[in-house]
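Notes follow once the structure below has been shown.
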Amino acid sequence: MKRRSLLAMLVLNPGAPVGVERLTEALWEEEPPRHARTVIQNHVSGLRAVLAAHGAGDGGGELVTDGGAYLLRVPESAVDARRFERLVRSARSAPDADASVAVLREALGLWRGPALAGTTPSLPLRCAAQALEELRLAAVEELARAYGRLGDHGSAAGVLGTEAALNPLRESLVAALMTALGQAGRRSEAMEWFHRARRALAEQLGIGPGAELVEAHEALLRADAPAARPVPPAVEGAPAPAAAPAQWPFPRRPRGFSGREEELAALDRAAASPGAIAVVAGGAGVGKTALAVHWAHRRRADFPDGRLFVDLCGHSPLPARSTPAVLRELLLALGLPAERMPHSPEALAARYRELTAGRRMLIVLDNARTSDQVRPLLPDGEGCVTVVTSRDRLGGLVASDAARPVPLAELSAPQSVTLLTDTLGPELVSAEPEAAARLAALCDGLPLALRLAAARVATCPTRSLAAMADELADEQGRLSLLDVEDTSVAAALALTVQHLSDPARRMFHRLGTHTGTTLDSRTAAALAGDALPRAAGALGQLAAAHLVVEIGRDAYTLHDLVRLYARSLPPRPDEDDAEVLPRLLDHLVNTMLAACAAAEPGSEPCCVPPPGARRPVEVRPFPDRASALAWYAAERDTLRGAVEAAVAAGLHDRAWRLVLLQWPLIVWQVRDGWAPLLEHGLAAAEADLDPGAQSRARALLGWVLLEEDRPEEALVHLERAPGLAALAGDRTAQAVALANLAVALARYGHDARHGGPARVRALLAEALTLAEQADRADLVALARQHLADQCLAAGDPEQAAHHAARGLALAEPPFPVTRRVVLQTLYGRALAATGHPEEAALHLDAALRSARAHQFGDGEAAAEAALRALPATAAGTAGAEPRAARPRAGRALPGGC
């Protein structure tokens with residue numbers, strides 16, 4: 001900090017000597033040490049070294065000693081403060097307001113945060129920082145005036161609003177904001193700023209508002225609402241005044257609006273009943289306001305008594321609008337003069353209902369946060385239609401006031417491309433149709449994201465759609481690319497998140513760690529380290545706020561941009577983020593153990609949770625094999641991401657378990673590109689120094705490579721697997737490895753180099769012995785299955801029948817049907833070969849029926865082929881009609897894991 005403060009003092013005085021006394025005063029807030037001069041000399045030496053290392057001398061920068069002072073020679077263009085001042089002066093002499101706006105925006109763009117941040121808060125540096133901040137605020141006010149000269153009062157209010165919130169005692173700033181809001185047709189909002197400033201001045205300084213604020217306030221009071229008509233005082237029992245058309249600034253028709261025909265039709269239906277209320281609900285940036293305003297313009301003729309639009313600021317950098325302020329604004333629009341305005345909220349609401357009764361009007365209440373915020377603003381006339389937009393579903397309004405929900409989801413792929421076409425022009429999009437489609441997908445169909453991406457392309461003529469899509473494909477930088485000037489996807493999402501309850505906000509932070517796009521309440525509970533009911537409640541709140549999408553009972557998904565935003569959030573100071581990923585991984589491991597038990601009943605798990613694993617709050621139940629396999633298939637991407645995250649975090653004991661526990665799906669869909677995942681699992685097992693895990697990974701990887709017709713690579717892994725299992729003392733893993741190696745050799749290793757058929761049968765006999773010693777009935781049945789197959793191939797049907805019959809006796813429920821089909825087919829073939837065709841036909845027919853019932857294509861094909869090979873008289877005793885074999889789903893079943 002001291003060296004940075006020294007540099008700041010020199011840069012604030014470029015080309016001028018700064019004495020040691022002044023530097024001492026700047027570097028120490030209180031009494032400096034006795035050796036302050038020596039400290040300064042050391043910092044000067046260090047600063048010279050830094051400047052030299054960065055080539056400052058080449059650019060004209062030099063730090064020299066000038067007597068008892070130091071002097072920094074540096075080009076004026078290298079000092080942001082000097083560039084800023086020069087640009088502001090240039091803006092004042094610009095030829096027109098457009099040029100002033102451009103130059104002032106460039107000047108303000110030089111600021112990256114508070115002036116002199118990170119320096120010693122000493123008096124000289126504080127004064128210098130305050131002076132610079134004063135220059136910046138003056139430039140902001142000047143920019144607002146330039147916008148005002150252009151008639152763009154909304155932009156003027158936008159640049160002033162944030163600064164006024166941070167500087168509530170700067171009266172010139174608040175007065176300018178009030179003027180801009182009034183000229184933009186937002187008078188009640190301007191009035192709120194006046195009262196806020198008045199309270200702040202009274203509470204903090206004990207004074208009243210100055211001349212600027214008072215004058216701005218009086219100007220607002222003098223300004224009549226456009227086309228406002230005097231309304232006589234309300235008389236009890238008297239009829240309401242004649243309904244004059246309400247006149248109030250209404251947003252222009254949104255440019256580039258496209259698609260949404262289904263939603264517009266839904267809004268038509270929702271608005272068809274008397275006194276209709278429609279709630280257009282959707283996530284940040286999905287286009288709720290654009291839909292409501294476009295519909296309002298399209299249906300303008302249906303509302304002869306006027307259309308009113310109010311931004312309730314429910315999810316906004318500004319405070320949410322107060323109900324009395326909004327009611328005053330609506331009453332002004334309905335023609336009620338300011339001097340006749342009721343004082344109490346109740347009287348305001350009653351007058352509003354009175355003036356809307358009997359009228360045919362449209363009220364658009366934009367950006368609502370809660371149902372309570374909306375209810376007092378609902379008109380009383382049956383001819384009135386109210387359209388509410390919100391990031392929340394506003395279920396309370398649906399329940400209490402019969403509001404009709406009009407959900408607004410992300411655009412479809414064709415709609416997204418259409419929006420890009422409308423924004424960029426048909427020539428650009430038609431020239432790169434594939435890139436346009438990829439760009440639309442990367443933007444998650446979010447209109448805000450699509451428009452921001454289009455703006456990036458449009459403002460950089462050398463950037464193609466393909467280049468933009470390539471940039472967005474990088475998850476690390478995607479959110480920063482979707483940020484143009486004062487609009488960004490991240491900012492829109494932030495406004496939603498900040499209004500969540502603390503449990504929901506905490507849950508949203510945790511979603512950034514999730515490795516997939518779908519989750520349920522159990523996974524959410526694991527991520528948050530919370531009880532299941534609280535996790536479910538938080539998920540429900542996130543769904544209501546459209547940060548996650550409910551896709552089924554206790555099933556949610558989140559879009560990539562939302563997930564990336566959650567991932568970008570800084571850690572919460574009150575929580576340990578390092579625990580989130582291990583909790584998620586342990587939850588997945590336990591869920592997969594349950595899935596394995598359901599998918600392969602009768603088998604034993606290939607592993608147990610690692611030492612120190614966290615017990616899950618609750619594990620998902622799997623009622624049967626089909627549900628378990630369906631879960632595996634649905635969560636494949638999530639599990640792959642979990643493996644990658646575990647490896648990146650050095651949690652190798654979790655990583656290999658997450659791979660191996662997918663074996664039921666791997667075996668069932670063996671030719672579906674599993675080798676890379678299994679290679680990751682093997683590497684993790686090696687990093688974990690676990691020979692048993694290495695054996696299982698090599699046995700399964702070898703089988704997959706074998707099925708991919710890569711026998712040489714397969715045999716390298718399969719040959720090593722048994723020895724690793726023996727080293728680990730894992731008889732089960734050794735039996736699996738020996739069985740898989742034997743099958744591979746039987747298929748591809750008949751030459752003497754691999755030992756031929758004799759070695760195959762010896763390996764299977766050893767596997768059988770180990771399986772029996774381990775009391776693993778499933779592996780005993782597997783070994784006998786392969787022995788039966790080998791005996792048939794070797795011309796020994798009696799031994800084949802023996803092994804098949806013994807294996808078939810074990811393959812009763814709860815063992816998988818697939819195993820029984822294979823064994824029964826082998827037994828039928830062996831019976832046929834030993835001269836018992838009729839009995840063979842009965843077994844083959846049973847195998848065929850079972851394979852068809854369970855959609856086991858390989859088993860069906862093998863049973864049909866064996867039936868066709870029987871004598872016609874024997875085959876005719878079977879009840880099933882043979883039919884053409886289906887495409888085969890896989891070959892002989894392996895030992896799995």
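If you read the sequence from its start, that first residue is 1, and numbering goes on from there.
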Restricting to ring pair (Phe, Tyr, Trp, His ring centres under 6.0 Å), what partner residues turn up for Tyr556, sequence neighbours left out? none
Tell me whether Arg456 is salt-bridged to Glu471, with the criterion being a basic N under 4.0 Å from an acidic carboxylate O. no
Please round to the nearest 0.5 Å and tell me the distance separating atom OG of Ser568 and atom CG of Leu493. 9.0 Å
Parallel, tilted or perpendicular: which fits the ring planes of Phe508 and Tyr565, with parallel below 30° and perpendicular above 60°? tilted
Between Arg654 and Glu644, is there a side-chain N and carboxylate O pair less than 4.0 Å apart? no
Indicate the atoms forming the closest heavy-atom contact of Pro609 with Ala613, along with that distance. CB-CB, 3.9 Å
Is it true that a side-chain atom of Glu432 and a backbone atom of Ala466 form a donor plus acceptor pair closer than 3.5 Å? yes
Checking side-chain polar atoms at under 3.5 Å, does His587 have a donor or acceptor matched by the opposite partner on Thr523? yes
How about Asp520 and Arg620: do any of their side-chain heavy atoms sit closer than 4.5 Å? yes
Does Asp530 pair with Arg510 as a salt bridge, N-O distance under 4.0 Å? no
Matching residue for Thr557 among Val562, Val549, Val548 - test: side-chain contact (heavy atoms from CB on, under 4.5 Å): Val549
Taking all atoms of both residues into account, what is the closest heavy-atom pair of Val821 and Gly859, and its distance? CG1-CA, 3.9 Å
Do Leu787 and Leu768 touch side chain to side chain, with heavy atoms closer than 4.5 Å? yes
Go through the side-chain N and O atoms of Glu766 and Thr769 and say whether any donor and acceptor fall under 3.5 Å apart. no
Got a donor-acceptor contact below 3.5 angstrom from the Gln415 side chain to the Ser412 backbone? yes
Sub-3.5 Å donor-acceptor pair from the side chain of Arg583 to the main-chain atoms of Ala526, do we have one? yes
Does Glu864 come within less than 4.0 Å of Arg852, counting only side-chain N to carboxylate O? yes
CA sep, side-chain torsions, deciding dist, call: Glu604, Arg776, side-chain contact (heavy atoms from CB on, under 4.5 Å): CA-CA 8 Å; Glu604 293 183 8; Arg776 285 288 303 270; 3.3 Å; yes
Which is it for Leu678 and Ile666 under the side-chain contact (heavy atoms from CB on, under 4.5 Å) test, yes or no, and what are the steps along the way? CA-CA 10 Å; Leu678 287 164; Ile666 294 173; 4.1 Å; yes
For Asp586 and Pro610, which heavy atoms make the closest approach, and how far apart are they? OD1-CG, 4.4 Å
Does the Arg640 side chain pair with the main chain of Leu677, one donor and one acceptor, at a distance under 3.5 Å? no
Is the number of heavy atoms from other residues, nucleotides or ligands under 6.0 Å of Asp470 CG greater than 12? yes
Less than 4.0 angstrom from a charged side-chain N to a carboxylate O is my criterion; do Asp730 and Arg696 meet it? yes
Any donor and acceptor pair, going by atom type alone, linking the side chain of Ser480 with main-chain N or O of Gly477 inside 3.5 Å? yes
Please answer whether the main-chain N or O of Pro691 pairs with a side-chain N or O of Ser695 as donor and acceptor at a distance below 3.5 Å. no
Do you know which two heavy atoms are closest between Ala645 and Leu581, and how far apart they sit? O-CD2, 3.7 Å
Taking all atoms of both residues into account, what is the closest heavy-atom pair of Arg784 and Gly807, and its distance? CD-N, 3.8 Å
What verdict does the side-chain contact (heavy atoms from CB on, under 4.5 Å) test give for Ser850 and Arg820, after you've listed the backbone C-alpha separation in whole Å, the side-chain angles of each residue and the deciding distance to 0.1 Å? CA-CA 9 Å; Ser850 187; Arg820 181 170 181 82; over 6 Å; no
Assess whether side chain to side chain donor-acceptor pair (under 3.5 Å) is satisfied between Trp656 and Asp688, documenting all intermediate values. CA-CA 9 Å; Trp656 65 257; Asp688 197 32; 3.0 Å; yes
Just how far is it from atom CG of Leu665 to atom CE of Met592, taken to the nearest 0.5 Å? 9.5 Å
Among residues at least two apart in sequence or on other chains, which ones pass salt bridge (charged side-chain N to carboxylate O under 4.0 Å, His left out) with Glu600? Arg625
I would like to know whether Cys596 and Tyr632 meet side-chain contact (heavy atoms from CB on, under 4.5 Å); could you show each step before the answer? CA-CA 10 Å; Cys596 276; Tyr632 272 122; 3.0 Å; yes
What I want to find out is whether Arg614 reaches Glu579 closely enough, with some N-O distance under 4.0 Å, to be called a salt bridge. yes
With a 3.5 Å distance limit and no angle check, can you tell me whether Gln662 reaches the backbone of Leu658 through a side-chain donor-acceptor pair? yes
Do Leu661 and Val589 make a side-chain contact, defined as non-hydrogen atoms from C-beta onward lying under 4.5 Å apart? yes
I need the Leu564 CG to Arg478 CZ distance, nearest 0.5 Å. 5.5 Å
Knowing that exactly one of Glu712, Glu708, Glu707 qualifies, which makes a side-chain hydrogen bond (donor to acceptor under 3.5 Å, both in side chains) with Arg710? Glu708
Do the side chains of Leu511 and Leu519 get nearer than 4.5 Å, heavy atoms only? yes
Where Ala284 and Leu446 come nearest, the two heavy atoms and their spacing: O-CD1, 3.4 Å
With a distance cut-off below 6.0 Å to the six-membered ring centre and an angular limit of 45° from the axis, does Arg636 pair with Trp631 as a cation-pi contact? no
Any sub-3.5 Å donor-acceptor pair from Thr591's side-chain atoms to Val619's backbone N or O? no
Kindly say whether Asp444 contributes a backbone atom to a donor-acceptor pair with the side chain of Glu410 at under 3.5 angstrom? no
Asp554 (side chain) donor-acceptor with Ser521 (main chain) under 3.5 angstrom: yes
Looking at Arg698 and Glu679, does any basic side-chain N land under 4.0 Å from a carboxylate oxygen? no
